[in-house]
Amino acid sequence: MFKILTRNKIADCGLNELPKEHFNISDNEKSPDGIILRSYVLPEEELTPGLKAIGRAGAGVNNIPVDACAEKGIVVFNTPGANANGVKEIVLAGLLLASRDIVGGINWAQGLVGQTGVAKAVEKGKAEFVGPEISGKRLGVIGLGAIGVLVANVCRSLGMSVVGYDPFISVAGAWSLSRGVHRASDLDSLLAECDYISLHVPVNEDTKGMFNKEMFAKCKKGVRIINSARAELVEDAALLSAIDDGTVYCYVTDFPTENMLGHKRIVPIPHLGASTPESEDNCATMAAAQLREYLMYGNIKNSVNFPNCELPYTGKKRVCVIHRNLPKVINPVTAILAERGSNISNMIMKSKGEYAYVILDVDCPSLDGVEEEIIKIDNIINVRVI
């Protein structure tokens, strides 16, 4: 029986992916095999002995100590694409909010409460809030993952000229992208020619603060920027300066900071991109299914700290080993199995950065005590027998 700790309210449709005959689900489990969470900030102290996997019902994992998990052999899963449609819709709203001063107009109209002749006042005052249509304008989509592809495709269908930039686009992303979306050869050319820019890249050492003073200087004058990815992609001071000098006409963000509030040309949305019941259900279902596959069968899909590695489960004994990505680490493992008279009937090994993972299906009369033997091998981080 696997013990699962929930650290947020997880949709029932997700928890139903964990059958009761194999999983015990609780919100106060002290020594879990797996944790499933959403926005809960998980401290390192909760990486207890025996914890094997963490499922994040969402794409971002900045609330999880991913590096510490890797060192302990704890697989961290996220759910890329599960909330893509919800975020796509908030981006579409952001494009319209950036074009037409809808927020300013609504706030102004609300201020007419109690007055007479509202219809005449509206007709007289509406000129202050006019803005251009998005049809016929050029949109630059930076990052063509699950969300970026959906945004690019739907904006193309709305009559926009769309340019995409992603040097690391996946095969699946390339196949999903509309033929009408143009490919930018470099980021500078996209910045120079686009009327709108939508950000869809993760925050890492290469992208943190990517929109800085130098980047804004390369943008087309009067650009409108929609950031539904992460606040850290944009330097606040550089953005405010770019708005003041007219480089950026409007900035719509789903990740407002203190500096973003109270500014006429900034629209702060309170992180509503994936706040839909459909997104929450999709994320919960996907996260729970990935936990189930790993805990029951050793298969890894959509891990952020270990490689994807899957092997159809046939019911044979399965040895799963997490190790450092170094030469000759697996040789002693297969030697231990050979000494027991085991035949390896199927095997797969994948690596990702500093770490690697191997699944071995074996024919063996007994694997009692094999975990204790294998874990003693240098550079082995974790081992499980299923």
Side-chain angles (χ1 to χ4, degrees), residues 39 41 58-67 78 87-88 90-91 93-99 101 103-104 131 137-145 147-148 151-152 163-169 184-274 304:
S39 58
V41 178
V61 291
N62 54 324
N63 56 322
I64 300 171
V66 175
D67 292 339
N78 69 344
V87 178
K88 176 203 73 178
I90 212 74
V91 172
L95 283 168
L96 298 174
L97 294 174
S99 286
D101 189 7
V103 174
K137 306 303 187 297
R138 176 155 288 198
L139 168 68
V141 180
I142 302 176
L144 294 169
I147 299 169
V151 168
V163 180
Y165 177 77
D166 190 337
F168 307 108
I169 187 171
S185 57
D186 56 75
L187 189 54
D188 288 358
S189 63
L190 181 150
L191 298 173
E193 63 187 23
C194 286
D195 307 295
Y196 300 78
I197 294 173
S198 189
L199 305 182
H200 300 284
V201 295
V203 174
N204 54 41
E205 291 182 1
D206 296 325
T207 62
K208 188 174 183 179
M210 65 182 290
F211 268 80
N212 51 26
K213 182 179 179 180
E214 292 74 21
M215 187 78 91
F216 283 119
K218 299 175 181 178
C219 289
K220 183 177 181 179
K221 198 77 169 178
V223 68
R224 291 162 163 87
I225 298 176
I226 297 88
N227 180 6
S228 62
R230 281 292 181 267
E232 294 84 356
L233 297 173
V234 177
E235 289 187 359
D236 286 3
L239 170 67
L240 294 173
S241 178
I243 291 176
D244 288 342
D245 68 20
T247 298
V248 175
Y249 183 84
C250 184
Y251 177 67
V252 180
T253 178
D254 206 22
F255 297 88
T257 64
E258 292 84 354
N259 298 323
M260 301 293 103
L261 304 179
H263 199 292
K264 183 179 179 181
R265 298 204 181 279
I266 295 177
V267 180
I269 301 173
H271 197 187
L272 298 181
V304 298

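Since we're looking at a predicted model, the values are computed, not measured.
Once rounded to the nearest 0.5 Å, the distance linking CG of Leu97 with CD1 of Ile226 reads 9.0 Å. Taken to the nearest 0.5 Å, the CZ atom of Arg230 stands 13.0 Å off from the NE2 atom of His200. From Asn204, atom CG reaches atom CG of Leu233 across 8.5 Å, with rounding to the nearest 0.5 Å. A distance of 11.0 Å separates OG in Ser189 from NZ in Lys218, rounded to the nearest 0.5 Å. Atom SG of Cys219 is separated from atom CG of Leu190 by 9.0 Å, given to the nearest 0.5 angstrom. Atoms CD1 and CD1, on Ile269 and Ile90 in that order, are 5.0 Å from each other to the nearest 0.5 Å.
Each of Lys221, Lys137, Arg138, Lys220 was evaluated against Glu193; a single residue qualifies, Arg138, per the salt bridge (Lys or Arg N to Asp or Glu O under 4.0 Å) test.
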N/O donor to acceptor pairs below 3.5 angstrom from side-chain atoms of residues 249-256, sequence neighbours left out:
| residue | atom | partner | partner atom | Å |
| --- | --- | --- | --- | --- |
| Tyr249 | OH | Arg265 | NH1 | 3.0 |
| Tyr251 | OH | Asn227 | ND2 | 3.0 |
| Thr253 | OG1 | Phe255 | N | 2.9 |
| Thr253 | OG1 | Phe255 | O | 3.4 |
| Asp254 | OD1 | His271 | N | 3.0 |
| Asp254 | OD1 | Leu272 | N | 2.8 |
| Asp254 | OD2 | Leu272 | N | 3.2 |
| Asp254 | OD2 | Gly273 | N | 2.8 |

Which atom pairs, donor and acceptor, lie under 3.5 Å between side-chain atoms of residues 237-245 and protein residues at least two apart or in another chain?
| residue | atom | partner | partner atom | Å |
| --- | --- | --- | --- | --- |
| Asp245 | OD1 | Thr247 | N | 2.9 |
| Asp245 | OD1 | Thr247 | OG1 | 2.7 |

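Between Val91 and Ser198, the shortest heavy-atom contact is CG1-OG, 3.5 Å. In plain terms, the two heavy atoms of Val141 and Gly148 that are nearest each other are CG1-O, 3.7 Å. The shortest heavy-atom contact between Ile142 and Val201 is O-CG1, 3.6 Å.
In this structure, a donor-acceptor pair under 3.5 Å is present between the side chains of Ser99 and Tyr196.
Within the 4.5 Å cutoff, side-chain heavy atoms of Asn212 are placed close to those of Met215. With contacts defined as side-chain heavy-atom distances shorter than 4.5 Å, the pair Met210/Leu199 does not qualify. For the pair Leu139/Leu95, a side-chain contact is recorded, criterion being any heavy-atom separation below 4.5 Å from C-beta on. Side-chain contact between Phe211 and Val248 is absent, with no heavy atoms from C-beta onward closer than 4.5 Å. Contact of the Leu191 side chain with the Tyr165 side chain is not registered, since no non-hydrogen atoms from C-beta on lie closer than 4.5 Å.
Of the possible polar contacts, one joining the Asn78 side chain to the Ala59 backbone as a donor-acceptor pair under 3.5 Å is found.
Within 6.0 Å of CG on Asp236 lie more than 12 heavy atoms contributed by other residues, nucleotides or ligands.
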